[in-house]
Amino acid sequence: MVRMPEGLNASAGHIPREILRFFESKGGHSLIVKGEAGTGKTTLALQLIEELSGAETTHYLSERVGDASLYNQFPWLARKARATELMVRGRAFLDVLYPRVAKRGARKPKKLLDEAISLLGTLNRDDEGPASVNRTELKKLEGQIVEGEADMSAPEDFGELKGDTLTFDLTSELPEIEYAYEIVDRALPRKSLIVMDSIDSLSEKYGVAQRRLVTTMQKDLVELSGANIVYVTEEAAQSQVDYLGDGVITLESSQHEDRRLRKLRVDKLRGCPVHDHTLTYTLAGGRMTIFEKSAHEGIGGQNGFEQIPDGADGAMSTGCADLDSLIGGFGRGTLNLIEFDEHVAPGLINFLCYSISANFALHGRGVCMMPPAQGTSETAHAWLAGMIGQQRFERNVRVLETQVSVKKDRMANVILLDGSSPEMDIRWDNFEYNLSEVSGPLACILSLDALNKIYSKEVMGPLSQLIYAVRKSGAVFIGFSTRECVERSVAASADTHLRIDHIGGQSFVYGEKPYTILHGAVLDKQGGRAKLSLLPVL
């Protein structure tokens, strides 16, 4: 079972603002949403209906009217599906009572007249839009099918040929098309949004190429009647249909470190500027949520910090409820490694480090730390004094540093390192002595990159001895390291191993020990206080 982040309204979802602006702009627009099965095409289309339902008349036309899982995701869909089904069934019933039979040669479309009507209709449009829907292309398509001129790949039972007569009723074969026209017609001059899910199934039922269907609705409904249409298609590869739509969105599901990664690619949004053409997203909670590209910078000293309780099993909290759920917290006498690539923003790493430190201190435990991202005792004070208060900082926190340029009244918080002998500098008994007035278990939080920078390769032996002493005392060792500096032996012996990777402008967190899927790191700062949420990539 996937736990949704606390405080994050994942059920509401979030889709790119550019797509909404695309449909909200003047005139009609068409969007082709493509991708392989399971990439979230229908979810995206239905969320568009939710977002735009206040400004437009919206309808979802699909063969999936009996899909219970969609009704669970979007409760309003059942009502719309019922209304659509009643309209379609009613039209089919009337077609049985009053069949429309077309005979070959009975009526031949007059191309010149059709084009003249289209031209006059276009010239007659005013700023408020057309008064009725244009059916020029639909009638033309019907006529071509009757005459056998349409681009068709019809199934064997498509239509009925008796001698010279082809009995064919486009609207009774698949009445959704005619219903789409009626929806737009009834809504005018108000704009409509029609979702066709999917254009593949319509093409198969009609026996008409997708390109021909899209061309028909594009000219009649979008260009001449000012409607918005979303065409959902299973064809992920580039096709001729792409050139007909005003916009093309491709949804992809790929792999990162053997874990699912979802990407939304904006191939085209005609007339609408697009700042980010590739975005990562999740379908957690049955909704599409885009991960905003964020450098996680500007997160500094905090205005208070909410203490997170320890786990029922005695594991100590990481200071983040979502992270506790991911790795189970920190156990006594454990080695815990947080590894990140060089592109992950220092702001996120700092926030993790100081959140862990703050939560330990708020539980009355001691923290001995060497801050990551070239942090100093001044940096630690700037963060933690605001998170846990000056008095608790002075009592519970000690910062390892080689060069000190702080006020004398804060020297008591510094453990000065000589920088030449790691055997003498990073001794656990020295750390325990400096925090002897604080109850345990203590936390030893060290930047492995900083240690390597100070002592070079000579640090590995003393570091192993330090980790051994921490384990033996029942304390907790937490190491922060970039991928380039992490020691494989440390990673192999770690009890928990967390990785943070920078992918497409967003940071993703996942566990190696224990194994977890990707989680997008959402770091928000409101009211002078930041909060980290981890949203699973599903």
Side-chain angles (χ1 to χ4, degrees), residues 5 8-10 12-25 29-36 38-52 228 230-233 236-238 242-243 245-257 259-285 287-299 340-348 500-510 518-525 530 532-538:
L8 189 65
N9 188 15
H14 170 67
I15 56 179
R17 182 61 196 169
E18 286 91 343
I19 299 178
L20 298 178
R21 284 199 297 266
F22 171 73
F23 281 118
E24 290 167 349
S25 59
H29 307 277
S30 61
L31 178 69
I32 298 172
V33 179
K34 56 195 300 187
E36 296 180 353
T39 52
K41 302 181 297 296
T42 296
T43 299
L44 171 59
L46 291 175
Q47 282 182 226
L48 277 171
I49 289 179
E50 280 189 321
E51 292 281 352
L52 298 171
N228 287 332
V230 176
Y231 304 106
V232 178
T233 176
Q238 191 176 39
D242 295 358
Y243 298 98
D246 300 315
V248 179
I249 300 292
T250 302
L251 304 183
E252 302 173 344
S253 180
S254 58
Q255 296 285 314
H256 178 80
E257 299 291 340
R259 293 158 173 86
R260 189 204 311 256
L261 178 66
R262 296 186 183 274
K263 290 185 179 181
L264 181 152
R265 190 178 72 242
V266 181
D267 298 316
K268 176 174 64 172
L269 281 183
R270 189 174 293 151
C272 183
V274 178
H275 300 290
D276 295 319
H277 286 271
T278 302
L279 301 166
T280 52
Y281 69 97
T282 177
L283 297 179
R287 301 299 175 101
M288 172 175 285
T289 299
I290 297 294
F291 292 112
E292 299 287 353
K293 294 186 176 182
S294 173
H296 290 142
E297 297 293 359
I299 303 292
F340 50 95
D341 72 38
E342 60 180 348
H343 300 294
V344 175
L348 176 60
I500 308 175
D501 288 349
H502 188 78
I503 310 170
Q506 167 66 26
S507 294
F508 289 88
V509 178
Y510 59 101
L518 289 176
H519 288 69
V522 181
L523 189 56
D524 294 319
K525 186 175 183 180
L532 176 66
S533 297
L534 302 179
L535 190 58
V537 179
L538 298 176

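- Val537 has its side chain out of reach of Tyr281: every pair of non-hydrogen atoms, C-beta onward, lies at least 4.5 Å apart.
- Here Arg17 pairs with Glu24 in a salt bridge; the nearest charged N to carboxylate O distance falls below 4.0 Å.
- The two residues Gly520 and Gln506 come nearest to each other via the heavy atoms C-NE2, 4.0 Å.
- For Phe508, the ring pair (Phe, Tyr, Trp, His ring centres under 6.0 Å) partners are Phe291, not counting sequence neighbours.
- The shortest heavy-atom contact between His29 and Asn228 is N-OD1, 2.8 Å.
- In this structure the side chain of Ile500 reaches within 4.5 angstrom of the side chain of Leu348, judged on heavy atoms.
- Under the 3.5 Å distance criterion, with hydrogens and angles disregarded, no donor-acceptor pair is assigned to the side chains of Gln47 and His14.
- For Ser30, the side-chain hydrogen bond (donor to acceptor under 3.5 Å, both in side chains) test picks out Gln218, Asp246, with sequence neighbours left out.
- To the nearest 0.5 Å, atom CD1 of residue Ile19 and atom CD1 of residue Ile290 are 7.0 Å apart.
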Does the pair Glu18 and His275 meet the rule for a side chain to side chain contact (heavy atoms under 4.5 Å, CB included), with working shown?
-> CA-CA 8 Å; Glu18 286 91 343; His275 300 290; 4.0 Å; yes
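- Atom-to-atom distance recorded for Leu44:CG and Glu51:CD is 10.5 Å, nearest 0.5 angstrom.
- Residues Val266 and Phe22 form no side-chain contact, since every pair of their non-hydrogen atoms from C-beta on lies 4.5 Å or further apart.
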Without placing hydrogens or testing angles, list every side-chain donor-acceptor pair under 3.5 Å for residues 248-257, not counting sequence neighbours.
from: Thr250; atom 1: OG1; to: Arg265; atom 2: NH2; distance (Å): 3.4
from: Thr250; atom 1: OG1; to: Asp267; atom 2: OD2; distance (Å): 2.6
from: Glu252; atom 1: OE2; to: Arg265; atom 2: NH1; distance (Å): 2.2
from: Ser254; atom 1: OG; to: Leu261; atom 2: O; distance (Å): 3.3
from: Gln255; atom 1: OE1; to: Arg259; atom 2: N; distance (Å): 3.3
from: His256; atom 1: NE2; to: Asp501; atom 2: OD2; distance (Å): 2.8

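- At a threshold of 4.5 Å between non-hydrogen side-chain atoms, the residues Val522 and Leu532 do not count as touching.
- Note: His343 and His502 have tilted aromatic rings, judged against thresholds of 30 and 60 degrees for the angle between ring planes.
- Proximity of a side-chain donor or acceptor of Lys263 to a complementary backbone N or O of Thr280 within less than 3.5 Å is not detected.
- A distance of 11.0 Å separates OG of Ser25 from CG of Leu20, quoted to the nearest 0.5 Å.
- Remark: side-chain polar atoms of Lys268 are paired, donor with acceptor, to backbone N or O of Gly245 under 3.5 angstrom.
- Rounding to the nearest 0.5 Å places CG of Leu283 at 8.0 Å from OG1 of Thr39.
- For the pair Met288/Leu264, a side-chain contact is recorded, criterion being any heavy-atom separation below 4.5 Å from C-beta on.
- Counting only heavy atoms from C-beta outward, the side chains of Leu31 and Leu48 approach each other to under 4.5 Å.
- The line from OG1 of Thr233 to CG of Asp242 is 8.5 Å long, rounded to the nearest 0.5 Å.
- A donor-acceptor distance shorter than 3.5 angstrom exists from the side chain of Thr282 to the backbone of Leu538, with no hydrogens or angles considered.
- Between Tyr243 and Gln238, the closest heavy-atom pair is OH-NE2, 3.8 Å.
- Note: Ile49 CD1 to Leu52 CG = 9.0 Å, rounded to the nearest 0.5 Å.
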